[in-house]
There are 2 protein chains.
Amino acid sequence: MTATRTHPEVAPHESKAKLLNAALYVIRARGYSATRVEDICESAGLTKGSFFHHFKGKEDLAVAAAEHFSAMADGLFAQAPYRSLPDPVERVLGYVDFRKAILLGDLPEFTCLLGTMVQEAYETHPRIREACDRYIASHAHAVAADIAAAMAARGLHPNLNIDWTAESLAFYTQAVIQGSFVLAKAQRNAAVSADCLDHLRRYLEQLFRPSQSQTGPSPSA
Amino acid sequence: MTATRTHPEVAPHESKAKLLNAALYVIRARGYSATRVEDICESAGLTKGSFFHHFKGKEDLAVAAAEHFSAMADGLFAQAPYRSLPDPVERVLGYVDFRKAILLGDLPEFTCLLGTMVQEAYETHPRIREACDRYIASHAHAVAADIAAAMAARGLHPNLNIDWTAESLAFYTQAVIQGSFVLAKAQRNAAVSADCLDHLRRYLEQLFRPSQSQTGPSPSA
DNA sequence: GACATCATACCGACTGGTAGGTATCTTACG
DNA sequence: CGTAAGATACCTACCAGTCGGTATGATGTC
């Protein structure tokens, strides 16, 4: 079955990666609490012996899965085509377009592990909550960097007319995405997520639209 | 509802209501799967005997709790002051302001039971998913009614320049709210929710801002 | 109004399956 | 051989759901 063992150089911890990838899908489908470690083992084609060799326990797996998910996402967005757009405003809009483009397949394939887990675990599993918070914030921070550049490119600076920051707008994009996943799960249909991203794009377009009165009557401090 | 008693003035099924109210808080804190029926009984000051007298099982409680939550929310919004604003645009913005105003107390006191449950249960508990979907859609529909009136008041009609509908915008508001709760749970702080509602308000303000080029050059079809 | 009857509400000990975690054994590899 | 990886069997706590029982109060009948 796991005859890949004859090629040790392939991956240092191939089984651990299998368990983590299995966890990504199963937890996003069933939630953290309802997921049994045997479900994950089954999905990974391994047994509990292997599982408890690599992880201290279920909570430990959840924290590792959150990190794994975050690393996968970082790689995905780093390689995305929109990253090479020269205009930072276009990069911000390209991010939204890309998020819309990856709404493919079943819900557990594109929804967010972090948002799924933190809803159940925020009160009862501090370590899981902290991990989810950290990686969500990390992703938001990356988005905020483009937003900050876009603001600079359009001459937008927080003042009396701009009472929002790059950080708050970045978190807003994440709220829209997370919330759109909640609705998609309720409806068993990702179409609502795409509609939400259209609204988000419209908001961003207008925030960064040139030659509005947004820079205020006296941009100089 | 179940007024089989000949003395309906005595609270009918006070214990059932206690269990439902307990469920609202406990499930929003711990999530559906991790909540034990004994947790709910304890919180309600009752025993499992009473619980299983009133509900067929845990899933049955979840569905009833969803309906109960929806009914409570309907009452809350129906009585809210913004409801009596004459301008429908002001009612739409007042809705957002009201949602921001009720971000009080601990997270389980103001977050959404429907969004919490549907994330864990959408794949494994069809009846819970359907209930959450139904009541979220019902609330969104109520918001959409004000939005439709606001569009009419501003002369906005879906055309080449308005490629969104009252329904899609209403679901967008719900996505923002749901997502803001996810972030608030991750951060253990509702401040991010308030910031998100500020962004949402800004978007709505601008969609309904009078005398923009939004009605398009040729509003006639 | 007294009594029998019946339904509703509620209690709490018990059970049986489940699932997280452990202990032990086998195998592969350097 | 020693260590890491993984399989199998097992243990134990937990928890949804059951079941026999009690209390209360409504209803019917004489």
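These values consider heavy atoms only, across backbone and side chains, with no hydrogens, waters or symmetry-generated copies. Letters A, B, ... mirror the listed sequences (proteins, then strands); counts begin at 1.
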Next item on the list: Establish, with yes or no, whether the OP1 or OP2 oxygen of D/dA5 is under 4.0 angstrom from a side-chain nitrogen or oxygen of A/His53.
Entry: yes
Next item on the list: Test side chain to side chain donor-acceptor pair (under 3.5 Å) on A/Ser180 and A/Ser193 and set out the steps.
Entry: CA-CA 5 Å; A/Ser180 83; A/Ser193 292; 3.2 Å; yes
Checklist line | Verdict with supporting geometry, B/Cys112 and B/Thr116, side-chain contact (heavy atoms from CB on, under 4.5 Å) | finding: CA-CA 6 Å; B/Cys112 179; B/Thr116 301; 5.5 Å; no
Check: Starting at CD of B/Glu42 and ending at C1' of C/dC11, how long is that distance when rounded to a whole Å?
Finding: 15 Å
Side-chain donor/acceptor pairs under 3.5 Å, residues 59-82 of chain A, sequence neighbours excluded:
| residue | atom | partner | partner atom | Å |
| --- | --- | --- | --- | --- |
| A/Glu59 | OE2 | A/Arg127 | NH1 | 3.1 |
| A/Asp60 | OD2 | A/Lys56 | N | 3.1 |
| A/His68 | NE2 | A/Asn21 | OD1 | 2.9 |

Note to self: The side chain of B/Lys58 is closest to which nucleotide in this list: D/dA7, C/dG21, D/dA16?
What the structure shows: D/dA16
Note to self: Checking B/Arg30 against B/Arg36 for the side-chain contact (heavy atoms from CB on, under 4.5 Å) test, could you report, in this order, the C-alpha distance in whole Å, the side-chain angles of both residues, the deciding distance, and whether it holds?
What the structure shows: CA-CA 9 Å; B/Arg30 300 210 216 297; B/Arg36 302 174 305 145; over 6 Å; no
Check: Rounded to whole angstrom units, what separation is found between the NE2 atom of B/His125 and the P atom of D/dA16?
Finding: 11 Å
Checklist line | From CA spacing to verdict: side chain to side chain donor-acceptor pair (under 3.5 Å), B/His199, A/Ser168 | finding: CA-CA 9 Å; B/His199 280 288; A/Ser168 86; 2.8 Å; yes
Check: For B/Glu14 and C/dT8, what is the distance between atoms CD and C1' respectively, to the nearest whole Å?
Finding: 15 Å
Next item on the list: Specify the separation, in whole Å, of atom CZ of A/Phe52 and atom C1' of C/dA23.
Entry: 13 Å
Between the protein and nucleotides 12-17 of chain C, list the N/O to N/O atom pairs that are separated by less than 3.5 angstrom.
| residue | atom | partner | partner atom | Å |
| --- | --- | --- | --- | --- |
| C/dG12 | O6 | B/Gly49 | N | 3.4 |

Next item on the list: Report yes if the distance between the aromatic ring centroids of B/His139 and B/Tyr95 is under 6.0 Å, otherwise no.
Entry: yes
Check: Given atom CZ of A/Phe51 and atom C1' of D/dA5, what is their separation to the nearest angstrom?
Finding: 15 Å
Next item on the list: Mind calculating the distance between CG (B/Asp60) and P (D/dA16) to the nearest angstrom?
Entry: 14 Å
Note to self: On the nucleotide D/dG6, are OP1 or OP2 found under 4.0 Å from the side-chain N or O atoms that A/His54 carries?
What the structure shows: yes
Check: Over how many whole Å does the gap from B/Leu61 atom CG to D/dA16 atom P extend?
Finding: 11 Å
Note to self: Less than 4.0 angstrom from a charged side-chain N to a carboxylate O is my criterion; do A/Lys100 and A/Asp198 meet it?
What the structure shows: yes
Margin query: Angle between ring planes, B/Trp164 versus B/Phe208, binned at 30° and 60°: parallel, tilted or perpendicular?
Written below: perpendicular
Item checked: Aromatic contact, A/Tyr32 with A/His125 (centres under 6.0 Å) -> yes
Next item on the list: With the side chain of A/Leu46 defined as its heavy atoms from C-beta on, choose the nearest nucleotide among C/dC11, D/dA7, C/dG20.
Entry: D/dA7
Check: Tell me: NZ of A/Lys18 to P of D/dA5, nearest whole Å?
Finding: 14 Å
Next item on the list: Residues of residues 30-37 of chain A with any non-hydrogen atom less than 4.0 angstrom from an atom of DNA chain C: list those, numerically ordered, please.
Entry: A/Thr35, A/Arg36, A/Val37
